[in-house]
Amino acid sequence: MSAVKAAGVRVALDRKPILHGVDLAVAAGSWHAVLGPNGAGKSTLLRAIAGILPYAGEIQVGGQDVARLAAKHRARLLAYVPQQPQLPGDMTVGEYVRLGRTPHLGYLGVESRDDRAVAERALHRLDLAGFAARRLGAMSGGERQRVVLARALAQQAGILLLDEPTTALDLGHQQQVLDLVDELRATEGLTVVSTLHDLSLAAQYADELTLLVGGEAVARGSAREVLTEQRVAEHYGARVRVFDDGEGRPVVHLTRPRPSPGGPN
């Protein structure tokens, strides 16, 4: 069964068509990466799945129509991490992460001991426990990115939508975040749909890829099927070589142009 299913999804922003009938099927417990050059519609697709943007066509999460779900019910099914989150600078890290428990609170909106424990575990998993009392306005861009992911984990939704989750993170924290998401996917059955600019990272972590170009899905399948030298060159306008990492996953490298004969050595 598909945890996320989209059929013929079309989105227009300010009357400008962005998505042109996109189909998507994400198996429960899998990691699906949506790739594409700038302006392809990747973030728009995630926002439509999250129920943030109006769309035509069909989007289902857990077999339920996104457009018909109340916001609180939808938040129990999926958690969305935007690429550029807007955070209240005067709120502490701990307070913000506990907001992830909002969909689970009762009528009076009072946090329980279990709610606080879930939030604390999310802070520990993102290496943020020591920052719980710090104001968000005093955090670096990479730290804020981890805080937003910690809030999403505290939400305990079965589907995680990540829009460029490694933005502003250094190499070590990129790996830490992606490894954590992969661990949750494997151990807790979390379903992940992410956008990623780094094609090699997508190949390392995702089970299946969809390549969007100009608001249309032009390729779908495993990393080896999607990330060919010809396809990357055609749709990204880049000179690349694609190598096997030794475990069947492609690694995409940019290449320099060859110097012209008689040019400088």
Side-chain angles (χ1 to χ4, degrees), residues 1-36 38-87 99-107 109 148-149 151-165 181 184-185 188-196 206-220:
M1 176 182 174
S2 295
V4 178
K5 183 179 180 181
V9 174
R10 301 183 302 281
V11 175
L13 300 177
D14 295 328
R15 299 185 179 181
K16 179 182 178 181
I18 304 297
L19 298 180
H20 309 277
V22 174
D23 297 334
L24 191 70
V26 182
S30 70
W31 187 327
H32 195 107
V34 181
L35 313 178
N38 291 338
K42 304 183 298 295
S43 296
T44 299
L45 178 59
L46 250 64
R47 292 169 68 196
I49 295 171
I52 297 171
L53 289 179
Y55 61 88
E58 180 184 14
I59 298 177
Q60 293 185 352
V61 292
Q64 301 181 67
D65 189 341
V66 166
R68 297 176 180 272
L69 294 176
K72 190 169 185 178
H73 186 187
R74 188 171 62 240
R76 291 175 180 172
L77 295 176
L78 57 84
Y80 168 64
V81 178
Q83 185 175 156
Q84 296 179 325
Q86 301 297 315
L87 307 183
L99 288 178
R101 300 303 301 159
T102 301
H104 303 278
L105 300 182
Y107 178 74
V148 175
L149 182 55
R151 172 179 166 168
L153 294 184
Q155 200 169 320
Q156 290 189 314
I159 299 168
L160 186 59
L161 307 178
L162 304 174
D163 194 1
E164 296 294 341
V181 172
L184 292 170
R185 182 195 60 78
E188 300 184 21
L190 197 67
T191 301
V192 180
V193 184
S194 68
T195 66
L196 286 167
D207 301 302
E208 192 171 36
L209 315 179
T210 291
L211 178 61
L212 286 186
V213 177
E216 298 182 0
V218 300
R220 183 181 295 106

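Here, residue 1 is the first one in the sequence, and each next residue gets the next number.
- With values rounded to the nearest 0.5 angstrom, Leu212 atom CG is found 8.5 Å from Arg220 atom CZ.
- At least one side-chain heavy atom of Pro165 sits under 4.5 Å from a side-chain heavy atom of Leu196.
- If you take CG on Leu161 and CZ on Arg47, they are separated by 12.5 Å, rounding to the nearest 0.5 Å.
- The main-chain N or O of Ala67 is found under 3.5 Å from a side-chain atom of Asp65 such that the two form a donor-acceptor pair.
- Side chains of Ser30 and Glu208 form no contact here, defined as non-hydrogen atoms less than 4.5 Å apart.
- Judged by distance alone, the side chain of Arg74 and the main-chain N or O of Ala50 form a donor-acceptor pair under 3.5 Å.
- Shortest non-hydrogen contact noted between Val66 and Gly51 is CG1-CA, 3.7 Å.
- Interatomic distance, CD of Gln60 versus OG of Ser2, reported as 9.0 Å (0.5 Å rounding).
- Interatomic distance, CD of Gln155 versus NE2 of His104, reported as 6.5 Å (0.5 Å rounding).
- Among all heavy-atom pairs drawn from Arg185 and Val192, the shortest one is CB-CG2, 4.4 Å.
- Between Leu46 and Tyr80, the closest heavy-atom pair is CB-CE1, 4.3 Å.
- Lys42 places no side-chain N or O within donor-acceptor distance of the main-chain N or O of Val34, the cut-off being under 3.5 Å.
- Atom CZ in Arg10 sits 10.5 Å away from atom CG in Leu19 (nearest 0.5 Å).
- Although no hydrogens or angles enter the test, the distance criterion places a donor-acceptor pair under 3.5 Å between the side chain of Asp23 and the main chain of Gly8.
- In this structure the side chain of Tyr55 never reaches within 4.5 angstrom of the side chain of Ile49, judged on heavy atoms.
- Annotation for Lys72 and Thr102: closest pair CE-O, 3.8 Å, computed over non-hydrogen atoms.
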**Asked** side chain to side chain contact (heavy atoms under 4.5 Å, CB included) between Thr210 and Val22: does it pass, once the steps are laid out?
**Response** CA-CA 10 Å; Thr210 291; Val22 174; 5.6 Å; no
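- Atom CD of Glu58 has more than 12 neighbouring heavy atoms from other residues, nucleotides or ligands inside a 6.0 Å radius.
- The CD1 atom of Ile59 sits 7.0 Å away from the CG atom of Leu45 when rounded to the nearest 0.5 Å.
- Shortest non-hydrogen contact noted between Ala157 and Ala75 is CB-O, 3.9 Å.
- Between Val11 and Ala48 the shortest heavy-atom distance is CG2-CB, 4.2 Å.
- By the 4.5 Å heavy-atom criterion applied to side chains, Leu78 and Val4 are not counted as neighbours.
- At least one side-chain heavy atom of Leu13 sits less than 4.5 Å from a side-chain heavy atom of Leu53.
- Listed for the Ser194 side chain is no donor-acceptor partner under 3.5 Å among the backbone atoms of Ala33.
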